[in-house]
Amino acid sequence: MDERYDPGAVESKWQHFWEKTNLFKVKEDPHKKKYYLLEMFPYPSGNIHMGHVRNYTIGDVVARYKRMQGYSVLHPMGWDAFGMPAENAAIANNSHPAQWTYQNIDTMRSQLKQLGFSYDWDRELATCSPEYYRWEQWLFLKMYEKGMAYRKESFVNWCEHCQTVLANEQVESGLCWRCGEQVRQKKLQQWFFRITDFADDLLSYCEKLPGWPDKVITMQKNWIGKSSGAEIRFPVENSNEQIAVFTTRQDTVFGATFMCLAPEHPMVLELAKGTPRQGDVAAFVNRISMQDRSLKAVEDYEKEGVFTGSYCINPLSGMRMPIYTANFALMEYGTGAVMSVPAHDQRDFEFARKYGLDIIVVVKPYHDDLEAGTMTEAYTGEGIMVNSGRFNGIDSVKALDEIAAYLERKGFGEKTTSFRLRDWGISRQRYWGAPIPMIYCHRCGVVPVPEADLPILLPEDANLLEGGKSPLPALEYFAKTVCPVCGGSDARRETDTMDTFVESSWYFERYCSPACNTAMFDQRAVDYWMPVDQYIGGVEHAILHLLYSRYYTRVLKEFGLVKYREPFTRLLTQGMVCKETVSCSEHGFLLPEEAEGTGADRICKKCGREAVVGRVEKMSKSKKNVIDPNVLLEKYGADTTRLFCLFAAPPERDLEWSEQGVEGGYRFLNRVWRLALNWMDLIREARPFNGSPDQLSGESRDLFKKIHETIKKVTTDIEDRYHFNTAISAVMELVNTMYGIESAEQSALKIELVRLAVESVALLLSPIVPHFAEELWEALGFESSILLASWPTYRKDALVKDEHLIVVQVNGKLRSRFHIDSDADDDAVKKMALSDEKVLKFIDDRPIKKIIIVKRKLVNVVV
RNA sequence: GCGAGAGUGGCGGAACUGGUAGACGCACUGGACUUAGGAUCCAGCUCUGGGAACAGAGUGGGAGUUCAAAUCUCCCCUCUCGCACCA
């Protein structure tokens, strides 16, 4: 142990030691309880950012803690390596996505190693490697066989200028991000996974995930969006056709006065055919279908529609209802058709007023009147049925069931449920992804690639095209192939690749046996390790990634590959890392190092103008409020960085970055270092105190109690709540107490006690600041890693207090306090309280009504 | 609009099932050691009045339950996040 704490030296020393001794390597160990701790793997974008640092620090603390508790801990790391940024970077630098990706992986791996995370690096995987994605292709074939993967036409964002498909985030207010061209909707044949088959299951199991944050559960439930109602068929006038609608308000059928179809609804053009409306309808449909979907999400998106020229008949009221096509009717939801009840649905109400359509009240509020003519908004509540024939007079809630039953009897419809969740479209018209293993033959149609031909390798020598268009269709040696069924030589491969969410839906299983080359994973390894006991990541993945993973796991279960259906037992979503923004009128947002001074004197280094401190926001490159982890590692080291990430806020909350806070963390480590150094010569050869509290008195006894209280506090804070911030402050308190111990007066007992205290501090801090703790541990004379030591346990008898502080209230207000022996009974406490001068003063001779005594805590005298 | 979460000193945050509000840290102030200190150690630090003892107020605002409320109930305000024409 050096005189001075030098984080650079300490950290590289221990990182080498860990590497050399293979300390983080794990194998299935049937004699130990397993614990699978997983953090969401990163996209290899180039550098680790503070969000990663926080996420992985939290995970590492839990992993190391569990390991010291005796668990066999799986703690892996890898790379979510397919995706668009690699393509964009490759185009910009005229290089290749693979090269860019693997370079980034190298940089980021070394950054993670510098942070001292306890990953078993032998299990590292990159999803862009054929050894990984071949199994994804394999499962795709299995899913295709079972009809779980299918092809259908679907819309994509299309830029005519770039001749390419755009992801939603590449569409900026309806325009292409790259060239500014108007984005259009184009219909393409695409592959889908039938996630909707599991909609009910995914929803009902939300209740069986008690280890997940409520927030995420709610988001998942809303996303699945189950609603129960009825499907009702409306016959089209002068036709044999019927229009099916889905409604949750079958009680209002008698109030349905018109019909709205989605513009893409297959019947729209047919209904308009031969009517004077034909031209208008075609123009409308054409215009709306060109519109970008993101535009439709805008708040004031104007509701509009056109009459198709045809009518349908309300099966219950017999009313002749005009059929419209309207831009707010969504083809993806329900049946793509809406029965419009303007009196009881706000949207329908507005539409009816706009186009002068009939409004009929069928549900009357219990204690109010309702007139169609004078309504200013739709009444969506419950009430008494009116204008509804045989159902008049009954409660609308009851009518829901009765009308559904009636419709069923008459054959007009039936009860049903509808989901917001749609099937998972996995086709991406992109290069940097896993090829979908399918072949199109002129004679045999859609043909799966034979299993023996897997993997279908992504060609590595493709040149990326400006604009982002996939080079695969033009690569003849890839795209052109032989039909595996008829042997025809003019078959073509599917050139779309898979959504990268597919890779991230099973990487946690792959970690269990990352080198397995005979299957997706080794069954025994997965049986041992899975499910993940604790998953940690950002809330931004609360819906898609987690839902897809839950779905994919169910698919694996259907194939008998796994035994469980939920992959993640506990989930922690950590908060964002935030920092104040700083900007100047000349240069806009400033990087932290581009401004100097504090408060009102802060100025922009570039122009000398005043630099204004803005809101605290999530760290982002665009706002320039970022801290580079490299700079922190350089200046303070990994341990301080980790310590601050944990100390500044509990993990689920947002963390506000503070340079001074980091300093504080650094100061604390130095404080511990000096303390240990001061005592080291005395305690190095000593044994830690292992006696009972009865042997001690005075400050020794207090220290002994403090040590055990701290062990208890840190253990429960980590174990029960992941509140590392309070765990750290408990250790700080212990250290403060130790600073009060006089080192001049020595005794054998005291030295043993200080030895125990220093050991405890090292052990309790070791998951948090592992390099620092190793150094301390070594200085104490231990020869093996502190990670191999057991987590400390506390003595119950050390926590017993001899006396307690009793606070005395008079009428609920704190008036006095005193200490009393723990074994004092209520009467003694009462006597003490009532003989207290201050208490008597506040009682002021008023009669005592009541005395409340809370054992060992409080007395409240009510007068 | 719907849903979820949050609001505590100058700041980040503590306070487990109602029972000493403000642990711990930052900032600030004073002292010690020092040629010097942005190092370190010690002390103070919610607000108001007071030299102090002490008293009063105080957990976004308002009501309520209770001997006792940051904590429970109702209403309101503000902020953050998610969903948002879902029929």
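What you see is a predicted model; the values in this text were computed from it and never measured.
- Residues A:Tyr636 and A:Glu663 bring a donor and an acceptor atom of their side chains to less than 3.5 Å of each other.
- For the pair A:Phe234 CZ and B:A87 P, the interatomic distance rounds to 16 Å; values are reported in whole Å.
- In this model, a donor atom of one side chain and an acceptor atom of the other lie less than 3.5 Å apart for A:Tyr333 and A:Ser227.
- Within 4.0 Å (heavy atoms only), A:Tyr739 reaches sugar-phosphate atoms of the nucleic acid but no base atom.
- Among the protein residues, A:Ser227 comes within range of the sugar-phosphate backbone only, with heavy atoms under 4.0 Å from sugar or phosphate atoms but none that close to a base.
- Nucleic acid contact for A:Lys849: none, since no nucleic acid atom lies under 4.0 Å from a heavy atom of the residue.
- Taking every heavy atom of both residues into account, A:Asn314 and A:Val253 meet most closely at ND2-O, 2.8 Å.
- Between A:Ile543 atom CD1 and B:G3 atom P there is a gap of 17 Å when expressed in whole angstrom units.
- Rounding to whole angstrom units, CD of residue A:Glu659 and P of B:G12 are separated by 18 Å.
- A perpendicular orientation is assigned to the rings of A:His541 and A:His545, their planes being inclined by more than 60° (bins at 30° and 60°).
- Between B:G12 and B:U66, the two P atoms lie 36 Å apart (nearest whole Å).
- Contact annotation for A:Arg856: no contact, since no heavy-atom pair falls under 4.0 Å across all strands.
- Contact annotation for A:Asp214: no contact, since no heavy-atom pair falls under 4.0 Å across all strands.
- The phosphate of B:G5 has neither OP1 nor OP2 within less than 4.0 Å of any side-chain N or O from A:Lys215.
- A distance of 12.5 Å separates CD1 in A:Ile711 from NZ in A:Lys706, rounded to the nearest 0.5 Å.
- Using modelled atom types and a 3.5 Å distance limit, the side chains of A:Asn736 and A:Arg671 yield a donor-acceptor pair.
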- [ ] Going 5' to 3' through nucleotides 14-31 of chain B, assign each nucleotide B (protein heavy atom under 4.0 Å from a base atom), S (under 4.0 Å only from sugar-phosphate atoms) or - (no protein heavy atom that close).
- [x] SS---BBS-BBSSS----

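- In RNA chain B, stems built from 3 or more consecutive Watson-Crick or G-U wobble pairs, each with both distances under 3.5 Å, span B:1-7 with B:77-83, B:10-12 with B:24-26, B:28-32 with B:40-44, B:46-49 with B:54-57, B:60-64 with B:72-76.
- With hydrogens and angles left out, the side-chain atoms of A:Asn625 and A:Thr581 include no donor and acceptor closer than 3.5 Å.
- Checked against side-chain contact (heavy atoms from CB on, under 4.5 Å), A:Ile851 has the following partners two or more places apart in sequence or in another chain: A:Lys830, A:Leu834, A:Ile848, A:Ile853, A:Val859, A:Val861.
- At least one side-chain nitrogen or oxygen of A:Lys813 sits closer than 4.0 Å to the OP1 or OP2 atom of B:A57.
- The gap from the P atom of B:G7 to that of B:U59 amounts to 14 Å, rounded to the nearest Å.
- As a whole-Å value, the separation of A:Phe258 CZ from B:A87 P is 16 Å.
- Contact annotation for A:Phe842: backbone-only contact, meaning every heavy-atom pair under 4.0 Å involves sugar-phosphate atoms and none involves a base.
- The pair A:Lys635-A:Glu659 meets the salt-bridge criterion, since a charged nitrogen lies less than 4.0 angstrom from a carboxylate oxygen.
- Residue A:Arg815 contributes atom CZ, which lies 12 Å from atom P of B:C54 at whole-angstrom precision.
- Nearest heavy atoms, A:Lys579 versus A:Pro592: CE-CG, 4.0 Å.
- In this structure, the CG atom of A:Leu547 is 17 Å from the P atom of B:G82, given to the nearest Å.
- Going from atom CZ of A:Arg420 over to atom P of B:A87 covers 10 Å, rounded to whole Å.
- Following rounding to the nearest Å, A:Glu580 (CD) and B:C11 (C1') show an atom-to-atom distance of 11 Å.
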